[in-house]
Amino acid sequence: MIKSLHKLLFAKREQDYRALVEFFEALGLARGETWDGRRSMGVKFDAREAGVEVGMGEGFPDADLVIETDSADTVYEIAEKRGFKIVKKISDQDWGARLFTLEMPAGAGRLAIFSYNQDWRTTNTREGKLDAAGLRFAIVVGRFNAFVTERLLAGAQDGLRRLGATAGDITITRVPGSFEIPAAARMLAKTGKYDAIICLGCLIRGETAHYEVIVNEVTRGIGQSAQETGVPHAFGVLTCDTLEQAIDRAGLKTGNKGYDAALAAVEMAQLKTAAGGRPSVIGIRARENSHQAAKKKSTSPKSRRQ
């Protein structure tokens, strides 16, 4: 049984050996087996797939070694910054790829690097679309540190609207502080009316252990609510050491975490749909109760008279 296959690049001088190792490391290849013995030294750079390719016709690169990467353009930028000798600039290929060719150090020949425009290996991969049209969201926001949380709320609403949600699809529930967020989120999720819950709050470290207690409880509560109700919950509760850090994360230097939470909520809601997710038991019961109540109302004497 053949266990592995390698392209051997033999360096006659240590200087050439070092140059080749640095060359491939700079391109992002990961070191595998490495040895430094009395007679020899060497490094194997591993790749997930390797093999002998035999072909004929047109479209093949003029190279001694070929590497496939997930983004040839990214590696091309690295090669330019490192000053590697580019034999052929990156370009589109008629077989659906981007490809360029480098001159390897120490006279080791030419290296072609390419990436497919579409990854044919990921046909079974599922991910949620960033499309909020037709979905319903509940936003639970703590009033404590409102200077920050209202900015998070504005960011979350902006994110949902940009992805196609309408104002009528968004329900906002305000609670006193972050500690009350899990209970409110669970209560809303159990109604079965929402595709995702977005939790927004702001906790800033103080001089006592109060901060750690609340952070742990809020995180645990939100996660537990999501798992037990089956409704995706997006975590947009800031846990910061200073007010300045919180403000930076509410729309200044490091973006708006409310906006980020909205995107996560949309993606997870769509992922649940793409995965064929069934409503949670709680959601099913909520819908059944709602239907039974509507049926009872429609068959009541008062309804018939109407």
Side-chain angles (χ1 to χ4, degrees), residues 1-127 241 245 248-249 252-255 257 260 263-264 267:
M1 175 184 290
I2 297 174
K3 293 186 176 180
S4 64
L5 184 68
H6 307 278
K7 166 71 174 180
L8 176 62
L9 299 176
F10 179 70
K12 295 181 179 179
R13 303 178 302 168
E14 183 172 346
Q15 180 182 356
D16 293 339
Y17 170 78
R18 303 291 180 194
L20 284 167
V21 171
E22 292 176 4
F23 176 78
F24 287 109
E25 284 187 327
L27 296 177
L29 276 76
R31 285 194 182 208
E33 179 186 359
T34 303
W35 72 96
D36 187 359
R38 182 175 57 82
R39 294 189 308 120
S40 66
M41 65 178 69
V43 178
K44 288 180 181 177
F45 290 96
D46 290 337
R48 189 176 62 184
E49 296 179 13
V52 174
E53 182 175 355
V54 179
M56 64 170 291
E58 301 178 352
F60 291 97
D62 180 15
D64 302 283
L65 184 64
V66 179
I67 291 177
E68 178 190 354
T69 181
D70 56 353
S71 174
D73 288 88
T74 301
V75 181
Y76 187 77
E77 292 179 7
I78 295 172
E80 284 188 316
K81 290 179 181 177
R82 295 296 298 263
F84 294 153
K85 185 176 181 179
I86 298 174
V87 179
K88 183 180 179 182
K89 294 184 177 180
I90 192 165
S91 60
D92 291 318
Q93 306 299 304
D94 57 5
W95 40 279
R98 299 273 289 167
L99 182 145
F100 68 98
T101 307
L102 294 175
E103 189 76 43
M104 290 187 283
R110 293 182 174 182
L111 168 64
I113 299 176
F114 77 97
S115 62
Y116 288 108
N117 297 334
Q118 289 186 331
D119 191 351
W120 50 271
R121 297 180 181 85
T122 60
T123 52
N124 292 324
T125 300
R126 287 176 177 172
E127 60 181 349
D241 291 330
Q245 288 181 353
D248 286 344
R249 287 159 178 75
L252 289 183
K253 294 180 181 177
T254 54
K257 299 308 176 186
D260 295 343
L263 268 58
E267 183 171 351

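One-based numbering along the sequence shown.
Two residues are said to be in side-chain contact when any heavy atoms from C-beta on lie closer than 4.5 Å; Asp16 and Arg13 meet this criterion. With a 4.5 Å cut-off on side-chain heavy atoms, Phe84 and Met104 do not count as touching. With a 4.5 Å cut-off on side-chain heavy atoms, Tyr76 and Ile86 count as touching. Side-chain contact between Phe100 and Val87 is absent, with no heavy-atom pair separated by less than 4.5 Å.
The two atoms that bring Ala26 and Ile78 nearest to each other are O-CG2, 3.2 Å, heavy atoms only. In this structure, Phe45 and Val21 approach most closely via the heavy-atom pair CZ-O, 3.8 Å. Contact record, Glu103 with Gly109: OE2-O, 3.5 Å, taken as the closest heavy-atom pair.
Among residues at least two apart or in separate chains, salt bridge (Lys or Arg N to Asp or Glu O under 4.0 Å) pairs with a member in residues 24-43 are Glu25-Arg31, Glu33-Lys44.
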Where do Ile113 and Leu99 land on the side chain to side chain contact (heavy atoms under 4.5 Å, CB included) test, with the steps shown first? CA-CA 6 Å; Ile113 299 176; Leu99 182 145; over 6 Å; no

Determine, stepwise, if the pair Phe23 / Leu102 fulfils side chain to side chain contact (heavy atoms under 4.5 Å, CB included). CA-CA 11 Å; Phe23 176 78; Leu102 294 175; 3.7 Å; yes

Using the rule given for side chain to side chain contact (heavy atoms under 4.5 Å, CB included), can you reason through Gln15 versus Tyr17, listing the C-alpha separation, both sets of side-chain angles and the distance that settles it, and then say yes or no? CA-CA 5 Å; Gln15 180 182 356; Tyr17 170 78; over 6 Å; no

Evaluate the criterion side chain to side chain contact (heavy atoms under 4.5 Å, CB included) for residue pair Leu111 and Leu27; output intermediate values, then yes/no. CA-CA 11 Å; Leu111 168 64; Leu27 296 177; 3.6 Å; yes

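Residues passing the salt bridge (charged side-chain N to carboxylate O under 4.0 Å, His left out) test with Asp94: none are found, sequence neighbours excluded.
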Could you list the donor-acceptor pairs under 3.5 angstrom formed by side chains in residues 60-69, with sequence neighbours left out?
| from | atom 1 | to | atom 2 | distance (Å) |
| --- | --- | --- | --- | --- |
| Asp62 | OD2 | Arg110 | NH1 | 3.1 |
| Asp64 | OD2 | Arg110 | N | 2.7 |
| Glu68 | OE1 | Arg121 | NH2 | 2.9 |
| Glu68 | OE2 | Arg121 | NH1 | 2.9 |

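Ring planes of Phe114 and Trp95: perpendicular class, angle over 60° (limits at 30 and 60°).
The closest donor-acceptor contact from the side chain of Gln245 to the backbone of Asp241 lies under 3.5 Å.
Salt-bridge formation is not detected for the pair Arg18/Glu22: no Lys NZ or Arg NE/NH1/NH2 atom is positioned less than 4.0 Å from an Asp or Glu carboxylate oxygen.
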